[in-house]
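Every chain is numbered from 1, with letters handed out A, B, ... down the list of sequences.
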Amino acid sequence: MSEAAAPASDMPPFRYTAALADEIERRWQDVWAREGTFHAPNPTGPLADPDHPRADAEKLYVLDMFPYPSGAGLHVGHPLGYIGTDCFARYQRMAGRNVLHAMGFDAFGLPAEQYAVQTGTHPRTTTEQNIERYKAQLRRLGLAHDERRSVATIDTDFYRWTQWIFLQVFNSWYDTEAEKARPVAELIAEFEAGVRSTPDDRPWAELTVAERRAIVDDHRLAYVSQAPVNWCPGLGTVLANEEVTADGRSERGNFPVFKRSLKQWMMRITAYGDRLLDDLDTLDWPEPIKLMQRNWIGRSIGAHIDFATERGPVRVFTTRPDTIFGATYLVLAPEHELVDALVPAAWPEGTRDAWTGGHASPRAAVEAYRKAAGAKTDVERQADTKEKTGVFVGDYAVHPVTGGQIPIFVADYVLAGYGTGAIMAVPAEDERDHAFAEIFELPIVRTVQPPEDFDGKAYTGTGPMINSAAPERGLDLNGLGVADAKARIIAWLETNGHGEGAVTFRLRDWLFSRQRYWGEPFPIVYDETGAAIALPESMLPVELPEVDDFSPKTFDADDADSNPETPLSRRRDWVEVELDLGDGPKRYTRETNVMPQWAGSCWYELRYLDPTNGERFVDAENERYWMGPRGEGDCGGTDLYVGGAEHAVLHLLYARFWHKVLYDLGHVSSFEPFRKLFNQGMIQAFAYTDARGAYVPAEEVTERDGGFYLGDTAVNREYGKMGKSLKNVVTPDEMCATYGADTFRVYEMSMGPLEVSRPWDTRAVVGSYRFLQRVWRAIVDERTGAARVTDAPADEATRRLLHRVVHGVRGDMEGIRFNTAIAKLIELTNAVTRLPETPREVAEPLVLMLAPFAPHVAEELWRRLGHDTSLAYADFPTADPALLVAETVTYPVQINGKVRGRVEVPADAAEDDVRAAALEAVAGALAGKEPRKVIVVRGRMVSVVA
RNA sequence: GUCCCCGUAUUCCAACCGGUAGAGAAGCGGAGCUCAAACCUCCGACAGUGUGGGUUCGAAUCCCACCGGGGACACCA
């Protein structure tokens, strides 16, 4: 490939080589930067520009998931999405829209800190270096970003607003009546006025200051809680549920995670469970991502039902209250708080042997079971899902409907963390309960009539209720359908005080604090009573202080009993502070946890809109213009958001939550941040291992005789990611050096649909290079550098092809089908190449259509065609509809599904004429037989059934 | 185990509402250009759409089953 870059001595001076491409690209990048070509005007504020060509145009907000700037730099896979959004944004700008496209950096977080620890430098130093490197690499690709809007989450100007939003969350509560967040000041006012009663109904005025504060704190959307959390000693921090994998390890680093009861900051995302779920319907997102969010939120609609015991009621949650007559036993999670109270000294009369686990007393049995369950890892528990285990606690509960006694078990198939940690077991209508009942010989009573041909065990479908009447209690569900039965039983439970309808979520509150250094400090101090107090807005930002040792305290990865220690707590002079918060100078202690990496990415898309605003996180008018709803019921948000599918639940769920809080408080007009989401595919690569299994440099491997060799040694090929350790990294820098950025961009966009993962093939890049060379040569004289186009009109066939291509490319651009758009441009180029001279009427639209993909060479050609302004705002070509309809159409004629002839007729020929012409064309094949049926598909084909 | 997506030429991929399987790229073979080569230009070969059924005048496209690859969920009551 080096021959392409090295011009031979007889090379024409204006041939499109890598060297010329490099010169053109750098020159145009300088022009764009100098002239601010891609500055998008705001409606108001410092970035407003009424004279801008798109000042009054329809807006379009195109967004990429901003990168975390790693120390390794970019490989060719990283910019795929960025190039895709750039092509889309450039097209839309030429099509007349005011396009906002910017790029920032997600720069706080664990990896930056770990990298800094490895290299022994401050995280800010390494992170800022990495950002500069990323910026240089991205600039080299010619991405048309509005560079004025670039932000990094570590900028003090940025994170002061992250802290400000935290304060909004902290100072809010969720009003379940109004179904929205409201300021806590309004809550306090309602308590004071007596409109809202306190938990124990005492008047607000009679409560102590501490009592009042506790009540208010219990309502806040950000709150401190002492609760079981995911403690990861290997990382030295706690983690959110979303950051822990299904097998109980940290998503980052793959360290073991333990449940520890610790005091931590939480965010009440569960209050938004319904809206996060329901509003998915308003979003234009890939269905798999919506499904993953639905699964994660996991809303279950059912009922809470109380079963009386001598030690108090056991409250269960069920989605099938209609099947209550089939509830033949209860199951509590091993950790359930009532278990100890329920366990009697001895097995009651008539206890079956199978229920005791072979233990002499219920206490021994329960303790042994708990110990065994606790010793199991989550992986083992999952592997055991088919074999149900459990033990009888030695006591019975009263069935609220039948009044009968049913036994109570503990079993680990009931999870402490979901619902109430207790269930009523209905073996006839639940597969898990059925499996358990079989092992423990428990009664199975059908309450839903299965179809006659049903031969399974538990029947979970619908059907008429049976065996479900208690006339003496005024309850009869028999004959009802499942839905009606649910409604009636819930009404009965509520009337009789045995329970009520209930909704449960799998979603847990979001654990929001981390025991790390490299994150946003909380704008929170504690007073002498230990109460958390929000700092006033005027004290923002709370700057991250310097520390001698920014590395976190980590522990042996398996040391479950270790305790977190925050790096900031070592700076006593920072932690202990004297402030005047309204009642004179007092001593306070600062919060020493920092926010999780997700905080900055929860709202960065809003800051792009108004990055220089010092008064607000974003001006209301600017937000309404760029992200506001397009009509009644529209959710608003960015018009396109491109990124990988790996953020399906984490970032995308957290960002939606924050956005909704801001919406409720009136700070934004859109109730969703990302209207349309697009997941780009991954660029994958081959890697090669030798006989020992060690990776060998992929670029040195050759293919011959159907095998792969490094020199003379046969090596093994595998397919997967691109990575340093796999020795198969190809960088955009290499591609730019060998072919130029335009070739690289065209290649990435032409390899396949943007959403599809595909293998990288360096050898194939040359195809895109040849294409750009053909375009160049069709327009520029390689000897003189002058344009060699003719002003004579194009011939009819070329003109028709041009308009077909224009029409097709527009459709492809709107639909993000860049690979087929480029194929059409190549087709047009190849047609032009065959002509003795290139007509200007084809050359100009070709250059304009090429511009989104290969912007530098397109600008250069545009200039050489005699234009003295950038084509960034030139009108994208429009097809003449008259030239899209062909004058004649060739119909293939099928007889019994096989093509037997062709017939050419005028495009506007009547159906009967087409039929007659077709039959005539295949008269020989029909051999005089009368066709049974003739089908004419207008413009397509004729099918004859003989 | 359940659900979702994908299987088209040697490879990456097109084929829009079911209507002639090929838009584009790589690779391969040949010819032209050249002292020779590279570049370039032109020409060419290569699949009947994972397998088996079904619906239809007609199926890559719709339906069913199976095989292969990828992903999600995995006791959530």
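- Neither OP1 nor OP2 of B/C40 sits under 4.0 Å from any side-chain N or O of A/R15.
- In this structure, the nucleotide among B/G24, B/C39, B/A23 sitting nearest to the side chain of A/I826 is B/G24.
- Whole-Å rounding puts the A/L801 CG to B/A23 P distance at 12 Å.
- The phosphate of B/C39 (OP1 or OP2) has no side-chain N or O of A/R774 nearer than 4.0 angstrom.
- A/Y747 has its OH atom 11 Å from the P atom of B/A26, to the nearest Å.
- Pair check for B/G24 finds B/C12; Watson-Crick or G-U wobble, both atom distances under 3.5 Å.
- Shown here are the side-chain contact (heavy atoms from CB on, under 4.5 Å) partners of A/A764, two or more places apart in sequence or in another chain: A/Y747, A/D761.
- Going from atom CG of A/L650 over to atom P of B/A72 covers 13 Å, rounded to whole Å.
- Rounded to a whole angstrom, the distance from the P atom of B/G1 to that of B/U61 is 27 Å.
- Mapping A/A422 and A/V766 onto RNA chain B by nearest heavy atom places A/V766 at the nucleotide closer to the 5' end.
- In this structure, the CG atom of A/L291 is 8 Å from the C1' atom of B/C73, given to the nearest Å.
- Distance check on atom C1': B/C33 versus B/C43 gives 15 Å, rounded to whole Å.
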Atom pairs, N/O to N/O, protein against nucleotides 10-19 of chain B, distance under 3.5 Å?
unit_1 : atom_1 : unit_2 : atom_2 : d
B/C12  : O2'    : A/M751 : O      : 3.1

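- For B/G48, the glycosidic angle deviates from 0 by 90° or less, giving a syn base.
- Between B/A26, B/A23, B/C57, one nucleotide has an atom nearer to the side chain of A/V945 than all others, and that is B/C57.
- For the residue pair A/T389/A/Y369, the side-chain donor-acceptor check at 3.5 Å is satisfied.
- Within the structure, a side-chain polar atom (N or O) of A/N830 is placed less than 4.0 Å from OP1 or OP2 of B/A25.
- Whole-Å rounding puts the A/M292 CE to B/A74 C1' distance at 14 Å.
- At least one cation-pi condition fails for A/K388 and A/F436: the charged atom is not both under 6.0 angstrom from the six-membered ring centre and inside a 45 degree cone around its axis.
- Atom CZ of A/F771 is separated from atom C1' of B/A25 by 11 Å (rounded to the nearest Å).
- If you take atom C1' in B/C13 and the same atom in B/U8, they sit 9 Å apart, rounded to whole Å.
- Residues passing the salt bridge (Lys or Arg N to Asp or Glu O under 4.0 Å) test with A/D781: none are found, sequence neighbours excluded.
- B/C67 and B/U51 are spaced 7 Å apart, taking the C1' atom of each and rounding to whole Å.
- In B/C17 the base sits syn relative to the sugar, since the glycosidic angle is no further than 90° from 0.
- With B/A74, B/A72, B/C40 as the choices, the nucleotide that has an atom nearest any side-chain atom of A/R506 turns out to be B/A74.
- Under the Watson-Crick or G-U wobble criterion, with both distances below 3.5 Å, B/C73 is paired with B/G1.
- In this entry the distance linking CZ of A/R777 with C1' of B/C42 reads 13 Å, nearest Å.
- Partners of A/A923 by side-chain contact (heavy atoms from CB on, under 4.5 Å), not counting sequence neighbours: none found.
- No contact: A/R932 has no heavy atom under 4.0 Å from any strand.
- On the C1' atoms, B/G18 is 13 Å away from B/C63, given to the nearest whole Å.
- The aromatic rings of A/F325 and A/H399 lie tilted to each other, with the angle between the two planes from 30° to 60°.
- Taking atom C1' on both B/G48 and B/G7, the two are 15 Å apart, rounded to the nearest angstrom.
- When Watson-Crick and G-U wobble pairs are counted only if both distances are under 3.5 Å, B/A36 pairs with no nucleotide at all.
- Taking the C1' atom of each, B/G30 and B/C46 are spaced 15 Å apart, rounded to whole Å.
- Using C1' as the reference atom, B/G19 and B/G27 are 33 Å apart when rounded to the nearest Å.
- A/D742 pairs by the salt bridge (Lys or Arg N to Asp or Glu O under 4.0 Å) definition with nothing, not counting sequence neighbours.
- In the set B/C75, B/A26, B/A23, the nucleotide with an atom closest to the side chain of A/Y413 is B/C75.
- In this structure, A/P892 and A/R299 both approach RNA chain B, and ranking their closest nucleotides by distance from the 5' end singles out A/P892.
- Taking 4.0 Å as the cut-off between side-chain N and carboxylate O, A/E814 and A/R810 do not count as a salt-bridged pair.
- Nucleotide B/G29 forms a pair with B/C43, judged by Watson-Crick or G-U wobble geometry with both contacts under 3.5 Å.
- For B/U55, there is no paired base (Watson-Crick or G-U wobble, both distances below 3.5 Å).
- Put simply, NZ on A/K933 is 10 Å from P on B/U56, counting in whole angstrom units.
- Residues satisfying the ring pair (Phe, Tyr, Trp, His ring centres under 6.0 Å) criterion with A/Y688, sequence neighbours excluded, are A/F708.
- Across all strands, A/A823 comes closer than 4.0 Å to base atoms (heavy-atom distances).
- For the OP1/OP2 pair of B/A72 and a distance below 4.0 Å, the side-chain nitrogens and oxygens of A/R294 include no atom meeting the criterion.
- Note that CD of A/Q293 is 10.0 Å distant from CG of A/L507, once rounded to the nearest 0.5 Å.
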